[in-house]
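Contents: one structure, followed by commentary.
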Amino acid sequence: MIESQCRPQFNGLELLEDAQLNKRILSTGCERIDLLLQGGLRVGHVTELAGPSSSGKTQVCLKVASHVARKYSGTVMYFDSGNSFSPKRIVQFLTQESDPANTEVDEIVQRVMSSIVCYSIFDIFTLLDMLHQLMNNLKSEIGCNVRMLIIDSLSSLIAPVLGGGGAHGHALMVTAGFLLKELAHEHNLSIVVTNHMVAGEAGSSKPALGDSWKSIPHVRLLLHRYRATNDSCISILKHPYLATGKTMEFMIT
Amino acid sequence: MEVSTLPISASHRGKLISSGYTSLSSLSSVSPSRLAQDLKISENEAVEILKVVSRRSGSEKIENGNHAIMNGAQTAWDMLHEEESSVCITTSCSDLDVILGGGIHCKEVTEIGGVPGIGKTQLGIQLAVNVQIPSGYGGLGGKAIYIDTEGSFMVERALQIAEACAQDMLEYDNLLRKDSQACRVIKQPKAFLENIFYFRVCTYTEQIAVINYLEKFISEQKDVKVVIVDSITFHFRQDFEDMALRTRLLGGMALKLMKLAKQFKLAVVLLNQVTTKYKEGSFQLTLALGDSWSHASTNRIILHWNGDERYAYLDKSPSLQSASAPYAVTGKGIRNAAPNCKRVKLM
């Protein structure tokens, strides 16, 4: 009975084949971020974008959503907890990328916008419900080809339950994290979550959600915006195969 | 423990686990009366728990086509069309409206912060009046909820602003619609006051209670289009010993307000105070309640003095660029800045 519960084994060669066939790299739409990440966001990875308020996390999420929906076939799911999903901004990104002489821009916009699905989530339990439902749908392959899942922002859903003496909030956070990793790996999705910052020691800031969250995402990126010039800077906090501490300046117009 | 991820109360969860129901499969085949007996709870409560379980197990089939992959989801294309047909709440200051993309948007939470005396409450009262402008004049024709935590709402001032608004609508009629006899809705200033629902809260528990109650209130009233909280920070700043509790309460409150905004398609306006923060070697003014609260709003506007004039700066927005605009607080309310509306110098 234990054997039937055990997950199937893979040897190294099978894993490599799976990686080459299924786990593609999705470009983010922003050249410099792609340069930093050596291609972009990898399918099967959970990527965390942390940063202080107004550093551009939602903008990067919208840009990635519009680019991935346009360039790769398949649906992009956007879970929004702050009513910040802006269809107008997605149209702006799409028209920026198109050739101005291209007369089919409207059709492209319609096709792409119809494959971005946005869902508003306002508490952690609904999030867990939706993730389970997504997992069930993907397992039974009901007509959807989900390429990417973006959760903006995960930290505002977890913050109201985290802490306070009980470990219940903590358990919910870790459950959600493992569910995301399973979704990403088993069903070949790329997952992006955003996190905010809290005060750390000696006046510096650190990403929220604590130490146990640190080991859950595969890739952790930190965003920072310079007020004076409106440039942004992205740096790697954690990555399975790239060096940490690498930074790159970029701008979202 | 799958049962710990269900949205049920802590006592029910404890009873389930101690009776041996730790996984969803164990709950899928038990009858409500058996469950009520095992847990020593009423049968209604057992039925509620089983409903939650069946929702989680995904036993409800999806009927819609493969666009809405999950219930309640919308494609960006549909949302774009909805957004194009939505109306904003004007602030009566055209410069400010321009940087806000038309005014205060519905379905979004806007945070407005500034130093004392800059005009936050004035802006709040102006919005409570402007939301009632009928749709014939380009407004929403809705009602307002004003939650006052500081006691700064003055009814006489609201009446003054309402009179000025009615006056403006009359002038608009005379200037532009000389020929239309129909749809001349003359709104009395007192009628404006009738449509502002005023709540006064004195502690943070009252504040949280009011916000929890709003859902029921708004579904009964049906026409509320703006909820103004003045100010959201007051009761959370003094004497809060447990900062972690404060963060959790604020996080929960922020999500409830977001949900209200989305569910009832109304605008939520939160007025905030400022504090100083030591950053990059100097003390800077930032909005109160810390870093975690700064993520609670969709848009953020900071009101500040620039020399002797009042300026509004759009700090955070998902689709608009940061920009600044001057405005003035006059006898009629918030209006465009004019050369004579400067700060009074105290000798």
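Residue numbering restarts at 1 for every chain, and letters A, B, ... go by the order of the sequence lines. Owing to the predicted nature of the structure, the values given are computational and were not obtained by experimental measurement.
- For A:T175, the part lying near chain B is the side chain, with the backbone staying farther off; criterion is any non-hydrogen pair under 4.5 Å.
- Only the backbone of A:L162 comes within contact range of chain B, with at least one heavy atom under 4.5 Å from a heavy atom of that chain.
- The contact between B:L80 and chain A is made by backbone and side chain atoms together, counting heavy-atom distances below 4.5 Å.
- Donor-acceptor pairing under 3.5 Å is lacking for the side chains of B:E108 and A:N83.
- A heavy-atom distance below 4.5 Å is not found between the side chains of A:Y78 and A:V117.
- Using a 4.5 Å heavy-atom cutoff, the side chains of B:K316 and B:N299 are not in contact.
- Side-chain contact check for A:S115 and A:R147: no donor-acceptor pair (N or O, by modelled atom type) lies under 3.5 Å.
- Looking at B:L250, neither its backbone nor its side chain comes within 4.5 Å of chain A, counting heavy atoms on both sides.
- With chain A as the partner, the residue from B:S297, B:S322, B:G251, B:S294 showing the most heavy-atom pairs under 4.5 Å is B:S294.
- For A:I90, no part lies under 4.5 angstrom from a heavy atom of chain B.
- Counting heavy-atom pairs under 4.5 Å between each of A:G82, A:A65, A:A159 and chain B puts A:G82 at the top.
- Looking at A:A171, neither its backbone nor its side chain comes within 4.5 Å of chain B, counting heavy atoms on both sides.
- For the atom pair B:I228 CD1 and B:L127 CG, the distance stands at 5.5 Å (nearest 0.5 Å).
- Heavy atoms of A:Q110 lying under 4.5 Å from chain B belong to its backbone as well as its side chain.
- With a 4.5 angstrom heavy-atom cutoff, A:V91 touches chain B only via side-chain atoms.
- Between A:I151 and A:T194 there is no side-chain heavy-atom pair separated by less than 4.5 Å.
- Note: B:D315 leads B:D78, B:V109, B:D315 in heavy-atom pairs under 4.5 Å with chain A.
- Judged purely by distance below 3.5 Å, without hydrogens or angles, the side chains of A:T126 and A:D129 never pair a donor atom with an acceptor atom.
- In summary, B:E83 and B:K107 do not engage in a salt bridge, as defined by a charged side-chain N under 4.0 Å from a carboxylate O.
- Proximity to chain B (any heavy atom under 4.5 Å) is shown, for A:H196, by both the backbone and the side chain.
- With no hydrogens or angles considered, no side-chain donor-acceptor pair links A:D80 and A:Y119 at under 3.5 Å.
- The choice from B:M79, B:K256, B:H295, B:M253 that makes the most heavy-atom pairs within less than 4.5 Å of chain A is B:H295.
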